[in-house]
Visitor: 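Can you read through this structure? Questions will come right after.
Proteins come first, then strands; the chains are lettered A, B, ... in the order of their sequence lines, and each starts at number 1.
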Amino acid sequence: MTSRREGDEVARESDEVADTGADAGTGDIADRYEPAAVEARWYPWWESRGYFRADASSAKKPFSISMPPPNVTGSLHWGHGLTMTLQDILTRMKRMDGFNTLWLPGTDHASIAVHVILERQLAAEGKTKEDLGRDAFLTRAWQWKEESGGTIIRQLKRLGASCDWSRERFTMDPGLSGSVREAFVRLWEEGLIYRDDYIVNWCPRCQTVLSDLEVEREERDAEFVYIKYGPVTLGTVRPETKLGDTGLAVHPKDKRYKHLVGQTLEVPSIDGTISVRVVADEAVDPDFGTGVIKVTPGHDPVDFEIGRRHGLPVRTVIGFDGKMTAAAGKYAGLDRFETRKRIVEDMKALGLIDHIEPYRHAVGVCYRCKTVVEPLVSKQWYVQVKPLAQTAIKAVREGRIKIVPRGATKTYYHWMENIRPWCISRQLWWGHRIPAWYCENDGSVHVSRTDLASCPTCGGSVRQDPDVLDTWFSSGLWPFSTLGWPDTTPDLETFYPTSVLVTAPDILFFWVCRMAMLGTHFMRDVPFRHVYLHVIVRDAEGQKMSKSKGNVADPLEVMGKYGTDAFRFTLAALAAQGRDIRISEDRIEGYRNFANKLWNASRLVLTNLDGYVPAKAKRTAPSLAEQWIESRLAVAVASVRDHLRRYRFNDAASAVYQFVWHELCDWYLEMAKLSLYRAATPAERNRAQHTLVTVLETALRLLHPFMPFITEEIWQRLPHQGDSIMIAPYPRPRRGAVHADAEREMGSVMALITAIRNIRGEMRIAPGVTLAATVRPGPEHVKAFEDAGRIIESLARAQLRVDAGAMRPPNSALAVVGASEVYVDLTGVVDLAAERQRLAKEIARASEQIAFLEGKLARPEFVTRAPAEVVERERERLAEQRGVHDKLVASLGWIDDGAC
RNA sequence: GGGCGGAUAGCUCAGCUGGGAGAGCGCAGCCCUUACAAGGCUGAGGUCGCAGGUUCGAUCCCUGCUCCGCCUACCA
């Protein structure tokens, strides 16, 4: 039944490389767990044996996850650590549970992020990307990708991520580029992609347009400048745009300015006058400022809309470089912010400034380089996402996509319902080039699946649109482009829709919504059945972890210091739903200690297996302690499964932690030692060995998704079935394994042991002293205390006499466990005055409880309206408290007598 | 401006459908007991943000308030 050959082979091989105390075999195991060598050993072995690979032709039920592709620029940070750990836990759990499991990995080309990095590099060499030219820049970008793209992959492997590397994808590999082109062309054919002259968010540093989502808001101090504007005065924070004004706007119901609406005013300005038409528009807030706004359709999104509604001309005075254009007259060529200062000075000189107020407001900045975004009108490519959003909303409403936690659903609806056209062209080089060609002869536009060399209509020469697509366009196709779409591949048929998307809530709109839209549109089925949005990792001060802020301990260092398993377990244990998590080294250290605890528990088992014959064990009935630990294990198994099913990773981690440490180690191992070291019969020892092995082996399987390395290491040394723990079955609660009787009886035994230890502690009796204790068991405890007599004696360090007719001897302390009493002989070991004080305190506490319960039970409405079992429970508690109280009073009296 | 979330032990946080307040770390005392001092045993410590309401009963549900976060937005 045991098969240890494979593990031993690997262990031998790795030992030559990594020097460690953790030798294979059971004879000599280090008393501290050394993770480094263990971790290095197993991953390559798992991979080489193909355990990570999914099989499209398998008859098993599929379970699939598309890994949110990290950027090729990336190094593993805490956020990756968390998200990848959670995905790996689900993947490993489902794989063990018999699913045909695919976790598909990959990386993202991250066009704008790569541009920022490369342009910074070039700047250091005193060059610009234009100096290089497009082709050379792309060569360099590919080089960068080849060099740094592997980093994150290596780090994922170190984390233990059990992805199917044979299916690894990159958003710009040939297959995915094909998917992108197909998607673009189809949307064009469906009339959902179009070009438009529209006001866009322009980053003058990146020299590209940005989508609304790529603009971040930053609070800045500014001046609110009140300008005299002909017959009116109005306030603005952007006086430099006055040069581009083509209108004034007021609210339609604003009586103050009604007489002006429709007029064209010649307003005195810097160079002579400017001509503006006054319009009435709902967008104006009559209560803000003076209730009049200047309309600059060329440089403000609101003004652009107003201008469109009223036919005001667009006048562009700021260029793509952030400098004033020729249309700005004497300011031409000047930086936009410099112009702002100058124009205010100039207007002051001309007496055009009424007054200036300080003003704090939010300005839009580029999410990559933080440059203030300039709204500009230009021709861009758009997706009309409204109809796609409708189907995506429906998918969630009908429950075909379930978002966890629930709260995010509302955010999803809100964004989707108010969605605006998606600007998808970017004036960048690194990315998927827009598959559109312009005929230089007749000016026609052609969107094509294949590259065009000449105009399909007139045969004239064509040039391709120079722009590339928003990175998120390809990301939005990820769940099906990675599986071979648009071809109908076996992978696509088997693994789509994916089972769950695990990601952070900050890319809900960027990514999750886009996938939901594009997935439902192209595949006519949801891209994922569940979306689990996990928390965001922050540092101890609550700051978002970010390398640029330098507030992060490098997760790779932490993994090295405490071990990958401890790192993973910490992240899982902190991943509660709802609140962001703060990482702290103390916590990781705690779980490192947990790994060590498990290691040492295993050491105890492994070093006591001599003579173990599994087949014989089944002929011996389990003891009370054995029934108890088996029952607790079954409860833990059910609990972990249930929590994982609901994505409650922290609860799952806590359940397995509590079981291993506080039930298995703290109690059962101590009890089992008696059967190992001082067994009454060989059968008793053999049975204990059997219980230890099976319980530990099951616990390891239960823990494996969280701590893959240490569990494999120990499992291989234990008797086991199969080649690797990672393909062994995930534990299921065995039918009939929960013994309510055993749990209740062991509960009493444990309470008795704690009570005796308590007396020892309270009375400062040295741990080495063996106490003499007499137990008068209550009727329901007779059997338990008989059965577990030796356990009680050993764990409480007492000589025990169980006697149903026992009377309390003189000079004894009393402890009450339900209907049972235990008398501990105090002769010569106790300070009776202190004991008296303690008793007095406890009597007071008991009286308080009694008064509280009596008050509760005396209220008629409680007795009549509360559920019967609640009332009954309170009655029992009251009776119990009265008993305790009386016993304590008796004890106090007894001590008085004894002291006199 | 709109939306969402949080306020529970010294610290960091659990507490899922209302019915005896929990964990980890830290702290105090005792112990190197032949798996583990990265450990064991025992213990102290909480008006569950404030004020109302619903209920027999509220940390949990409702209302208001205070203080923190986060997301989102075309108040120039």
Visitor: What integer distance in Å separates A:Glu589:CD from B:G26:C1'?
Guide: 12 Å
Visitor: Rounded to whole angstroms, how far apart are CD on A:Glu880 and P on B:G20?
Guide: 15 Å
Visitor: Check ring-ring contact (aromatic ring centres under 6.0 Å, His included) between A:Phe706 and all other residues, then give those that pass, not counting sequence neighbours.
Guide: A:Phe569
Visitor: What I want to find out is whether A:Arg32 reaches A:Glu34 closely enough, with some N-O distance under 4.0 Å, to be called a salt bridge.
Guide: no
Visitor: With 3.5 Å as the limit, what N/O pairs link the protein to nucleotides 42-47 of chain B?
Guide:
| residue | atom | partner | partner atom | Å |
| --- | --- | --- | --- | --- |
| B:G43 | OP1 | A:Asn758 | ND2 | 3.2 |

Visitor: Is a salt bridge present between A:Arg877 and A:Glu880, judged by a nitrogen-to-oxygen distance below 4.0 Å?
Guide: no
Visitor: Can you check nucleotides 33-37 of chain B for protein contacts, nitrogen or oxygen pairs under 3.5 Å, and list what you find?
Guide:
| residue | atom | partner | partner atom | Å |
| --- | --- | --- | --- | --- |
| B:A35 | OP1 | A:Lys673 | NZ | 3.2 |
| B:A35 | OP2 | A:Tyr677 | OH | 2.3 |
| B:A35 | O3' | A:Arg603 | NH2 | 3.1 |
| B:A35 | O2' | A:Asn600 | OD1 | 2.7 |
| B:A35 | O2' | A:Arg603 | NE | 3.2 |
| B:A35 | O2' | A:Arg603 | NH2 | 2.6 |
| B:A35 | N7 | A:Lys673 | NZ | 3.2 |
| B:A35 | N6 | A:Cys665 | O | 3.3 |
| B:A35 | N6 | A:Glu670 | OE2 | 3.1 |
| B:A35 | N3 | A:Asn600 | O | 3.2 |
| B:A35 | N3 | A:Ala601 | N | 3.2 |
| B:C36 | O4' | A:Asn600 | OD1 | 3.1 |
| B:C36 | O4' | A:Asn600 | ND2 | 3.3 |
| B:C36 | O2' | A:Asn596 | ND2 | 3.4 |
| B:C36 | O2' | A:Asn600 | ND2 | 3.4 |
| B:C36 | O2 | A:Lys597 | NZ | 3.0 |
| B:C36 | N3 | A:Lys597 | NZ | 2.8 |

Visitor: Scan the side chains in residues 644-654 of chain A for donor-acceptor partners under 3.5 Å anywhere in the protein, sequence neighbours excluded, and list what turns up.
Guide:
| residue | atom | partner | partner atom | Å |
| --- | --- | --- | --- | --- |
| A:Arg645 | NH2 | A:Asp642 | OD1 | 2.8 |
| A:Arg646 | NH2 | A:Asp642 | OD2 | 3.4 |
| A:Tyr647 | OH | A:His530 | ND1 | 2.8 |
| A:Arg648 | NE | A:Asp651 | OD2 | 2.8 |
| A:Arg648 | NH2 | A:Asp651 | OD2 | 3.4 |

Visitor: Would you indicate what A:Arg646 reaches in the nucleic acid, counting non-hydrogen atoms under 4.0 angstrom: base, sugar-phosphate, or nothing?
Guide: base
Visitor: Write down the distance between CD (A:Glu869) and P (B:G20), rounded to a whole number of angstrom.
Guide: 12 Å
Visitor: For atom CD of A:Glu357, decide whether the heavy atoms of other residues, nucleotides or ligands shown that lie under 6.0 angstrom number more than 12.
Guide: yes
Visitor: RNA chain B in dot-bracket, Watson-Crick or G-U pairs under 3.5 Å, [ ] crossing, | other strand?
Guide: (((((((..((((.....[..)))).(((((.......))))).....(((((..]....))))))))))))....
Visitor: If you assign A:Asp651 and A:Asn593 each to the RNA chain B nucleotide with the nearest heavy atom, which residue ends up on the more 5' nucleotide?
Guide: A:Asp651
Visitor: Check ring-ring contact (aromatic ring centres under 6.0 Å, His included) between A:Tyr657 and all other residues, then give those that pass, not counting sequence neighbours.
Guide: A:Tyr591, A:Phe594, A:Trp661
Visitor: Can you tell me how far C1' of B:G19 sits from CG of A:Leu857, to the nearest Å?
Guide: 13 Å
Visitor: Under a 4.0 Å threshold between the charged nitrogen and the carboxylate oxygen, would A:Glu670 count as salt-bridged to A:Lys673?
Guide: yes
Visitor: Pick the closest RNA chain B nucleotide for A:Ala576 and for A:Phe594 by heavy atoms, then say which residue is nearer the 5' end.
Guide: A:Ala576
Visitor: Reckon A:Pro867 touches a base, only the sugar-phosphate, or nothing at all at heavy-atom distances under 4.0 Å?
Guide: base
Visitor: Between A:Glu589 and A:Arg592 (salt bridge meaning N to carboxylate O under 4.0 Å), is one present in this structure?
Guide: yes
Visitor: Taking the basic N atoms (NZ, or NE/NH1/NH2) and the acidic carboxylate oxygens, is any pair closer than 4.0 Å for A:Arg873 and A:Glu869?
Guide: no
Visitor: Could you check if a side-chain atom of A:Val38 sits within less than 4.5 angstrom of a side-chain atom of A:Asp565, using non-hydrogen atoms only?
Guide: no
Visitor: Find the distance A:Leu771:CG to B:C41:P and express it as a whole number of Å.
Guide: 17 Å
Visitor: Under 3.5 Å, which N/O atoms of the protein pair with N/O atoms of nucleotides 72-76 of chain B?
Guide:
| residue | atom | partner | partner atom | Å |
| --- | --- | --- | --- | --- |
| B:C74 | OP1 | A:Arg420 | NH2 | 3.4 |
| B:C75 | O2 | A:Asp285 | OD2 | 2.7 |
| B:A76 | OP2 | A:Tyr359 | OH | 2.5 |
| B:A76 | N6 | A:Asp285 | O | 2.8 |
| B:A76 | N6 | A:Phe288 | O | 2.9 |
| B:A76 | N1 | A:Asp285 | N | 3.2 |

Visitor: Find the distance A:Ile588:CD1 to B:A38:C1' and express it as a whole number of Å.
Guide: 15 Å
Visitor: Using the salt bridge (Lys or Arg N to Asp or Glu O under 4.0 Å) rule, collect all pairs that involve residues 569-578 of chain A, keeping only residues at least two apart or in two chains.
Guide: none
Visitor: Holding to ring-ring contact (aromatic ring centres under 6.0 Å, His included), I want the full list of residues that pass it with A:Tyr226, two or more places apart in sequence or in another chain.
Guide: A:Phe224, A:His355
Visitor: Send over the distance from A:Trp661 CH2 to B:C41 P, rounded to a whole Å.
Guide: 10 Å
Visitor: Whole angstrom is fine here: how far is it from CG in A:Leu598 over to P in B:G39?
Guide: 14 Å
Visitor: Just to verify, what does A:His361 make a ring-ring contact (aromatic ring centres under 6.0 Å, His included) with, not counting sequence neighbours?
Guide: A:Tyr359
Visitor: Roughly how far apart, to the nearest Å, are B:G39 and B:A73 at atom P?
Guide: 49 Å
Visitor: Does a side chain donor of either A:Tyr367 or A:Glu216 reach within less than 3.5 Å of an acceptor in the other side chain?
Guide: no
Visitor: Sequence neighbours left out, cut at 3.5 Å: what donor-acceptor pairs do the side chains of residues 293-303 of chain A make with other protein atoms?
Guide:
| residue | atom | partner | partner atom | Å |
| --- | --- | --- | --- | --- |
| A:Lys294 | NZ | A:Thr241 | OG1 | 2.6 |
| A:Lys294 | NZ | A:Asp245 | OD1 | 2.9 |
| A:Lys294 | NZ | A:Asp245 | OD2 | 3.4 |
| A:Lys294 | NZ | A:Thr296 | OG1 | 3.1 |
| A:Thr296 | OG1 | A:Asp245 | OD1 | 2.6 |
| A:His299 | ND1 | A:Pro375 | O | 3.3 |
| A:His299 | NE2 | A:Val317 | N | 2.9 |
| A:His299 | NE2 | A:Ile318 | N | 3.1 |
| A:Asp300 | OD1 | A:Val302 | N | 2.8 |
| A:Asp300 | OD1 | A:Asp303 | N | 3.1 |
| A:Asp303 | OD2 | A:Thr296 | N | 2.7 |

Visitor: Are any protein N/O atoms closer than 3.5 Å to N/O atoms in nucleotides 21-24 of chain B? If there are, list each pair with its distance.
Guide:
| residue | atom | partner | partner atom | Å |
| --- | --- | --- | --- | --- |
| B:G24 | OP1 | A:His662 | NE2 | 3.3 |

